[in-house]
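Notes to accompany the following structure.
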Amino acid sequence: MTVKTQDEEVQLAQNLKARNKEVEKSYHQITQAVKPLLTVFESKKYRTCIEVNHAKSGKDTNLDQEFICFFWNLTLATNKAGYKMLYFTYDEDALAKFGARMYNKALRQLYKHTMFEATKLNIEDSVRLNNPANVQSFFINRLANGENDFISISIEEKVN
Amino acid sequence: MNYLQAIHLPDRQKVRNHEIKKCYFKIIKEIAELSTSFKSENLRTRIEIDHKQNQNAQSEIYEVLTDYIYLCLNADKQGHFSIAYALNDCASVYLGQALYTQVIRILYKLTASSNANVNIEDCLQVFPYYSEVFDDARNIVRNKEYNYYKQIIENKGL
């Protein structure tokens, strides 16, 4: 039977903390990198970003941060083992309506900022890509509820 | 066969095509290696098609079909190469979400500008997956209809 010493437990906890910090950093890098993808659209709806800081919501949740737009949802959450994870879901209707070009570009940013060469620690296994699903209705509901202490809504400037 | 147009392209485009082709085969190799970790023989099976031997091929040059992913090295009418991929909707169920994400990472990692001599990031195209295509290919292999279809079953790794 392998028994962890107190030193080993401290080391493991420190490693986990460092890894989680790196995942969180990647989350922010991805959200900054994907916003410019929205600036090509004429309609404000497609340039709207909703950012949710679940940590400030006061609710008991494993969700940390969330980025939602018409096209995708990127969620930073902590799993049961205490590992921060990134969950990415692209909207299935947007994929059908606008084609896969935007999907491709968004995925590239997701993988770029979590690849081994781009981070201090290997966090490649922190990413979970979901099948395209219904994100739009979720986006519209959040938009309808408006901003508050932990939800901010912004519109990216159109770039010609 | 569109890829034959590639000889008329300017050098810059030829270099780009070469890089995309090289990347395509690296992707196949990495996915093949990853597949040795799959328990199911069905998931370790792939069919490789060399369309250079297919007189009727238009845009396809090489294709790989599995139960979870479809990959194709294509050439458009001007001879410009691209890599098309399609993922089975059930792929994340078959592989588990971690492996599913890892398979897609292989595509984006190997086509990243940091990993290629020229920027080929826009060479990837996403298409819907049709399981009938894989089923048809399996039948072709079973009936030995075309010798440019090859079925490979990776051994399960330790």
Side-chain angles (χ1 to χ4, degrees), chain A residues 23 26-27 29-30 33-34 36-37 40 71-77 79-81 83-119 122-134, chain B residues 20 23-24 26-27 30-31 33-34 37 67-72 74 76 80-131:
Chain A
V23 174
S26 285
Y27 168 84
Q29 285 174 338
I30 294 164
V34 293
L37 299 178
V40 297
F71 300 93
W72 62 73
N73 176 314
L74 175 68
T75 302
L76 174 70
N79 69 13
K80 288 176 188 171
Y83 287 80
K84 285 205 194 278
M85 304 291 289
L86 291 166
Y87 299 93
F88 183 87
T89 312
Y90 200 85
D91 184 77
E92 57 195 354
D93 280 351
L95 188 57
K97 187 174 172 179
F98 292 94
R101 202 174 158 87
M102 173 78 97
Y103 177 64
N104 233 340
K105 286 183 177 185
L107 280 194
R108 188 164 288 290
Q109 294 306 320
L110 176 74
Y111 283 114
K112 180 179 174 179
H113 294 285
T114 52
M115 67 189 216
F116 176 70
E117 293 84 349
T119 54
N122 187 350
I123 57 162
E124 288 192 351
D125 66 349
S126 68
V127 179
R128 294 291 182 268
L129 181 65
N130 294 319
N131 279 347
N134 184 357
Chain B
I20 292 171
C23 212
Y24 172 82
K26 277 187 196 173
I27 290 169
E30 281 214 17
I31 289 180
E33 276 172 22
L34 182 66
S37 66
D67 215 357
Y68 52 96
I69 194 170
Y70 162 88
L71 281 156
C72 184
N74 278 327
D76 65 15
H80 299 143
F81 286 7
S82 62
I83 298 172
Y85 79 92
L87 290 154
N88 191 333
D89 286 344
C90 300
S92 62
V93 174
Y94 294 163
L95 303 177
Q97 223 184 0
L99 280 172
Y100 170 76
T101 307
Q102 202 176 338
V103 165
I104 304 166
R105 183 179 286 284
I106 290 170
L107 272 70
Y108 286 91
K109 191 170 184 171
L110 293 175
T111 53
S113 54
S114 52
N115 280 333
N117 292 328
V118 297
N119 190 337
I120 56 166
E121 286 193 354
D122 61 353
C123 76
L124 283 180
Q125 298 174 330
V126 186
F127 287 96
Y129 180 93
Y130 297 108
S131 55

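Naming convention: chains lettered A, B, ... in sequence-line order (proteins, then strands); numbering from 1 in each chain.
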Subject >> Contacting region of B/Glu121 [heavy-atom separation from chain A under 4.5 Å] >> reply: both

Original post:
Are B/Ser114 and A/Lys112 close enough, and set up right, to give a side chain to side chain contact (heavy atoms under 4.5 Å, CB included), and what steps lead you there?
Top reply: CA-CA 10 Å; B/Ser114 52; A/Lys112 180 179 174 179; over 6 Å; no

**OP:** Go through the atoms of A/Glu124 and report whether side chain, backbone, both or neither lie under 4.5 Å from a heavy atom of chain B.
**Re:** both

Original post:
Between A/Asn131 and B/Tyr100, is any pair of side-chain heavy atoms under 4.5 Å apart?
Top reply: yes

Subject >> A/Phe88 side chain near B/Thr101 side chain, heavy-atom distance below 4.5 Å >> reply: no

Subject >> B/Gln125 side chain to A/Asn104 side chain, donor-acceptor N/O pair below 3.5 angstrom >> reply: no

**OP:** With a 4.5 angstrom heavy-atom cut-off, could you sort out which part of B/Ser113 is near chain A: side chain, backbone, both or neither?
**Re:** neither

Subject >> side chain to side chain donor-acceptor pair (under 3.5 Å) between B/Gln97 and A/Asn130, intermediate numbers included >> reply: CA-CA 8 Å; B/Gln97 223 184 0; A/Asn130 294 319; 2.3 Å; yes

Subject >> B/Ile104 to A/Leu129 - nearest heavy-atom pair and separation >> reply: CD1-CD2, 3.1 Å

Subject >> Taking every non-hydrogen atom, the tightest pair across A/Arg108 and B/Tyr108 >> reply: NH1-O, 3.1 Å

**OP:** Test B/Lys109 against A/Glu117 for side chain to side chain contact (heavy atoms under 4.5 Å, CB included), laying out the working first.
**Re:** CA-CA 10 Å; B/Lys109 191 170 184 171; A/Glu117 293 84 349; 3.8 Å; yes

Original post:
Between the side chains of A/Arg128 and B/Ser92, is a donor N or O closer than 3.5 angstrom to an acceptor N or O?
Top reply: no

**OP:** Could you go through the side chain to side chain contact (heavy atoms under 4.5 Å, CB included) check for B/Arg105 and A/Thr114 one step at a time?
**Re:** CA-CA 10 Å; B/Arg105 183 179 286 284; A/Thr114 52; 2.9 Å; yes

**OP:** Flag yes if more than 12 heavy atoms outside A/Tyr83 fall under 6.0 Å of its OH atom; otherwise flag no.
**Re:** no

Original post:
Is B/Gln102 close to A/Asp125 at the side-chain level, that is, under 4.5 Å between some pair of heavy atoms?
Top reply: no

